[in-house]
Structures are given as structure tokens and as C-alpha cells.
There are 2 protein chains.
Amino acid sequence: MKSQVKRMPNVRGEGERLRQEILDAATRILEETGREDALSLRGVAREVGISAPSVYRHFKDKGDLVSTVLDAAYRTLAVAMSKAGESAAAAGADPWARVRATVTAYRRFAIDKPRRYQLMFSLEYEPERRPSADHPIGTVLQAWTDTADAYLTEAAPGRRAEAQDLGIHLWTALHGQLVLWRTLPSPVAGSEDVLIELEESLLRRLLPTPETPSPTE
Amino acid sequence: MKSQVKRMPNVRGEGERLRQEILDAATRILEETGREDALSLRGVAREVGISAPSVYRHFKDKGDLVSTVLDAAYRTLAVAMSKAGESAAAAGADPWARVRATVTAYRRFAIDKPRRYQLMFSLEYEPERRPSADHPIGTVLQAWTDTADAYLTEAAPGRRAEAQDLGIHLWTALHGQLVLWRTLPSPVAGSEDVLIELEESLLRRLLPTPETPSPTE
DNA sequence: TTGTTAGACTAACAGCGTTAATCGATGAAT
DNA sequence: ATTCATCGATTAACGCTGTTAGTCTAACAA
């Protein structure tokens with residue numbers, strides 16, 4: 001029996017490296033296709049250069065692999081939002097501009113890799129298995145309520161109690177725009193300009209206006 | 001040499017009926033699971049009592065079967081919205097109440113069969129194959145712009161030009177609420193009351209207020 | 001030196017979508 | 001009355017899938 005171009009087992013303790021390679025391959029495939037059933041363990045294994053059952057050494061099953069990929073994506077999104085808001089604040093932007101920076105970061109995340117975004121929010125409906133408080137999607141919610149709170153603190157300190165409500169409003173409405181925007185028939189929507197316009201007009205309606213209104217009216 | 005006159009499709013009776021049976025079974029499975037890959041042609045065939053390849057006599061492939069089911073769902077939704085709006089109008093409801101009736105119909109549709117709703121709007125992202133103008137999802141958009149137009153006509157006739165914009169705003173924002181509402185971690189959201197409250201506060205912000213404001217403020 | 005185990009493998013099962021080839025019955029054309 | 005096309009369905013098969021069971025190999029511990 002001739003030696004094939006087989007991958008030799010990693011030295012002890014380096015098993016984590018293969019895990020990461022599997023994760024990277026799976027991430028790439030999911031970002032390209034946006035469909036969970038387009039990801040096959042055999043395909044991942046083929047790409048990494050191992051055999052399919054070897055994946056089970058690192059992930060419980062296919063669903064576990066997908067979940068791990070998505071968990072990272074939620075955290076990436078939350079970090080991108082926080083960073084955008086903070087660096088806008090550091091640059092001395094006014095509250096409105098800071099919200100805009102965060103929203104833009106969110107939109108970029110969704111539009112740059114639309115299939116990833118689609119996958120992130122096409123969670124199965126499981127009435128009894130609602131995501132627990134520590135589900136990584138909670139980090140995204142936290143980023144939104146933080147954004148809303150930062151805005152209200154500066155623009156309307158008397159209404160800080162509404163921060164969580166406002167955060168949810170912003171998130172859900174923008175999410176709906178992003179999801180339906182490319183589903184709408186061509187003539188009525190489709191260009192990113194249309195989307196940004198929608199987004200702007202939405203923010204104007206949802207954000208309590210500070211005493212010194214922004215020039216966009 | 002034969003006459004090329006196409007023979008009328010031999011209505012041997014069974015043909016169309018089987019097609020409908022297949023459609024019914026597929027609809028049921030999709031509404032129960034909400035996942036396209038949970039529908040198997042073999043499963044449908046098993047349920048109907050035929051063999052799997054027989055499905056191909058009536059549907060081009062699995063995707064065609066799913067599309068057919070979803071097309072019907074879009075139309076059902078659009079009809080439900082129209083009916084709700086019209087019967088509210090017939091009952092002499094004010095413009096605001098008519099919008100509320102339509103929105104409630106939409107929410108019911110989404111909540112009664114959440115998996116069906118999820119499936120309807122988890123369309124694959126195909127940048128080049130944007131739904132054409134005659135895609136049945138357009139009937140839903142039409143229902144929303146109709147609703148917006150009817151409202152503006154009575155409540156703010158001077159702004160009828162915004163009808164389509166307003167319709168899109170309503171749709172996207174409500175859709176986002178419905179989708180994320182059950183995804184949010186348990187303590188912050190989950191009950192239908194919370195959803196309705198969100199919905200109401202959204203409508204208040206999005207709908208131009210008529211001269212005689214509704215009593216909900 | 002022996003035993004244990006991490007890290008990979010091959011083989012196999014059951015299920016999937018889909019295609020090809022076929023069969024029986026019906027109804028029309030000769 | 002006989003032939004022929006076609007509708008509605010069949011079985012067989014290909015190549016893919018997720019997953020499990022069992023096995024091999026190399027590295028480490030005793």
C-alpha cells in the first residue's frame with residue numbers, strides 16, 4: 001500500500017489547529033452560499049484535506065458546526081457596531097452622527113456579505129427553545145441598546161428610560177429594510193441609494209430630536 | 001403525416017387531482033417545519049401514496065414545488081390584508097383604524113403560522129435574479145401601498161405622493177419586528193403584548209397624523 | 001516495555017434529488 | 001377492429017448526503 005497524500009495527524013495538542021481550519025472552510029462556504037444545506041461535511045472535509053467523519057472529533061454534528069460559525073458572526077457584528085460608535089464619539093461627532101455611524105456599520109455588515117447576514121437571521125422557529133440570555137445574538141441587541149442609550153443621554157436625557165425600547169425599534173426596523181430591500185421587485189427598490197434614503201427617513205422618525213436638530217430637515 | 005393539432009390534455013380526472021394532493025401535502029409539511037430541506041419529495045410521495053418520481057409529472061423539480069406553495073401563500077397574505085382593510089372601511093372605520101385592521105391581519109398571518117411566514121421571506125439572495133415585477137410577492141407590496149394610499153387620501157391628501165414610500169416603510173419595519181421578536185432573548189421580548197405595543201408605537205411614528213388626531217395619544 | 005489515548009482513517013447504512021427506462025391503460029386514428 | 005401515441009404512474013439506479021461503528025497509527029505516561 002503506497003502512501004497517499006494523506007494528512008498526518010497533528011501532534012498532540014495541535015488538534016485545535018484542524019478545528020480552526022474546519023471552521024474557516026465552513027465559514028467561507030456559508031458566506032458564499034448563504035444556505036445551510038449547501039454546506040456539506042464531506043465538502044468541508046474535502047477542502048481541508050481530511051475525511052468526513054473526522055469533523056466529528058471537533059464538532060458534535062453539522063448543526064454544531066453551523067452554530068459555531070454563526071456565533072462568531074454575531075460577535076463580529078456587535079464589535080463592528082461598538083467600534084463604529086466609539087470611534088465616532090472619539091472624533092467628537094454629535095449624538096446623531098454617532099447613531100448614523102453605528103447604523104452604517106450595521107448596514108455594511110449586512111450588505112458586504114449578504115448571504116452571511118441572511119443566514120444569521122433565518123433561525124429556525126422553535127417556540128420552546130427561544131435563544132437564552134447568553135445567546136450571542138444578545139450581544140447584538142446589547143450593541144443597539146447601548147447606541148440608543150448613548151444617544152438619549154446626550155440628546156434627551158429625560159428619556160433615557162426608553163433606551164431599550166428605542167434600541168429594539170431601531171434594530172427591527174432597519175433589519176426589515178435590509179431584508180426586504182433586495183426582495184422587492186426591481187423597479188421599486190434595489191439600488192443602495194434607495195436603501196440609504198429609507199434608512200435616513202426612518203432614523204428621522206424614530207430618534208427623538210435634540211434641541212438643536214440636525215440639518216437633515 | 002399527422003395533424004400537429006395538440007390534443008387537449010387528457011383530463012382523465014386523476015391528473016390535476018394528484019397535483020393538488022401533492023401540493024397540499026407539501027404545504028402541510030412546509031408549514032409544520034418551516035424549512036425547505038425538511039421537505040423531501042420522497043416524503044411527500046409517501047404521504048400521497050405514490051412513488052417519488054411521479055412528482056416530476058406535475059412539478060419540474062423540488063424547487064418548483066416549493067415555489068408553487070409559496071406563491072399561493074403570498075397571494076393569500078395579500079388577499080387577507082385587502083379584505084381586512086376593505087371590511088374595516090365598509091364598517092365606517094376611520095383611516096387610522098383601517099390601517100390598524102390591515103396591520104393586524106398581517107400580524108395574524110405571520111403569527112398563526114410562523115414557520116410558513118419565515119419560509120416566505122427567507123428567499124435566497126440572488127443579486128442577478130431579483131424577483132421580477134410579476135413575482136407574487138409584488139401582490140403583498142401592492143397591498144401595502146394600497147393601504148398607505150387609502151390612509152393618505154383621507155388623512156393627508158396633500159401627501160399622497162408618498163404613498164409608496166410609506167407603504168414600504170410600514171412593511172419593512174413591521175416585518176423586522178415580526179422576525180426579530182421571537183429571536184430576541186426571552187426576558188426582553190416574547191409575549192405577543194410586547195409585539196403589539198412595539199407595533200403601535202411604530203405606527204404612531206410612521207403615519208402622518210391627520211388634522212383630527214386619533215384618540216390614541 | 002506496556003498501556004492509553006488523541007487524531008485520524010475506512011466501511012457502511014439509510015435517506016435524499018434526480019434521471020432513465022418501462023409498463024398499463026386510455027382514447028384517438030386508421 | 002386494430003394500431004398507435006400518450007398520460008400517469010412504476011422500478012432501478014447514480015451519486016450525493018449525515019452519521020455511526022470499528023480500526024489503525026503515532027505519541028505520550030507508567
**Q** Between A:Ser51 and B:Pro53, which has a closest nucleotide on DNA chain C that is more 5'?
**A** A:Ser51
**Q** Is the charged tip of B:Arg98 near the ring of B:Tyr151: under 6.0 Å from the six-membered ring centre and within 45° of its axis?
**A** no
**Q** Does B:Glu36 form a salt bridge (Lys or Arg N to Asp or Glu O under 4.0 Å) with A:Arg35? I'd like the steps, not just the answer.
**A** CA-CA 10 Å; B:Glu36 184 167 342; A:Arg35 282 161 46 237; over 6 Å; no
**Q** May I have the distance from B:Phe59 (atom CZ) to C:dG17 (atom C1'), rounded to whole angstrom?
**A**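 Taking atom C1' of C:dG17 as the reference, CZ of B:Phe59 is at 16 Å.
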**Q** Any side-chain N or O of A:Arg46 less than 4.0 Å from the OP1 or OP2 oxygen of D:dC16?
**A** no
**Q** Not counting sequence neighbours, which residues clear side-chain hydrogen bond (donor to acceptor under 3.5 Å, both in side chains) with A:Trp171? List them please.
**A** A:Tyr106
**Q** Going by atom types alone, do A:Arg108 and A:Thr104 pair a side-chain donor with an acceptor below 3.5 Å?
**A**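 Judged by distance alone, the side chains do not pair up.
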**Q** Within residues 60-72 of chain A, which residues have any heavy atom lying less than 4.0 Å from an atom of DNA chain D?
**A**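 Contacts with DNA chain D under 4.0 Å: A:Asp61, A:Lys62.
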**Q** Under a 3.5 Å distance rule, please check whether B:Ser54 uses its side chain to pair with a backbone N or O of B:Ile50 as donor and acceptor.
**A** no
**Q** From CZ of A:Arg17 over to C1' of C:dA6, roughly how many Å is that when rounded to an integer?
**A**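 Distance check: A:Arg17 CZ to C:dA6 C1' gives 14 Å.
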**Q** Rounded off to whole Å, could you give me the CZ-to-P distance for the B:Arg57 and C:dT18 pair?
**A**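 It works out to 16 Å between those atoms.
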**Q** B:Arg115 side chain to B:Glu32 main-chain N or O, any donor-acceptor pair under 3.5 Å?
**A** yes
**Q** Tell me which residues in residues 34-42 of chain A put a heavy atom below 4.0 Å from DNA chain D, sorted by number, or none.
**A**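 Contacting residues: A:Leu39, A:Ser40, A:Leu41, A:Arg42.
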**Q** Backbone N or O of B:Gln164 within a donor-acceptor pair of the B:Trp144 side chain at under 3.5 Å?
**A**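 No; judged by distance alone, with no hydrogens or angles, the pair does not exist.
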**Q** Starting from P on D:dG8, measure out to NE2 on B:His58 and report it in whole angstrom.
**A** 6 Å
**Q** Has B:Lys62 got a side-chain atom pairing as donor or acceptor with B:Leu39's backbone, closer than 3.5 angstrom?
**A**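 Side chain of B:Lys62 to backbone of B:Leu39: a pair is present.
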**Q** Just N and O in the side chain of B:Ser54: are any of them under 4.0 Å from OP1 or OP2 of D:dG8?
**A**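 No.
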**Q** Would A:Arg107 pass as a cation-pi partner of A:Tyr117, given that its NZ or CZ must be under 6.0 Å from the six-membered ring centre and within 45 degrees of the axis?
**A** no
**Q** If you check the A:Tyr56 side chain, which of D:dG18, C:dT19, C:dA11 turns out closest?
**A** D:dG18
**Q** Can you tell me how far P of D:dC7 sits from CD1 of B:Ile50, to the nearest Å?
**A** 17 Å
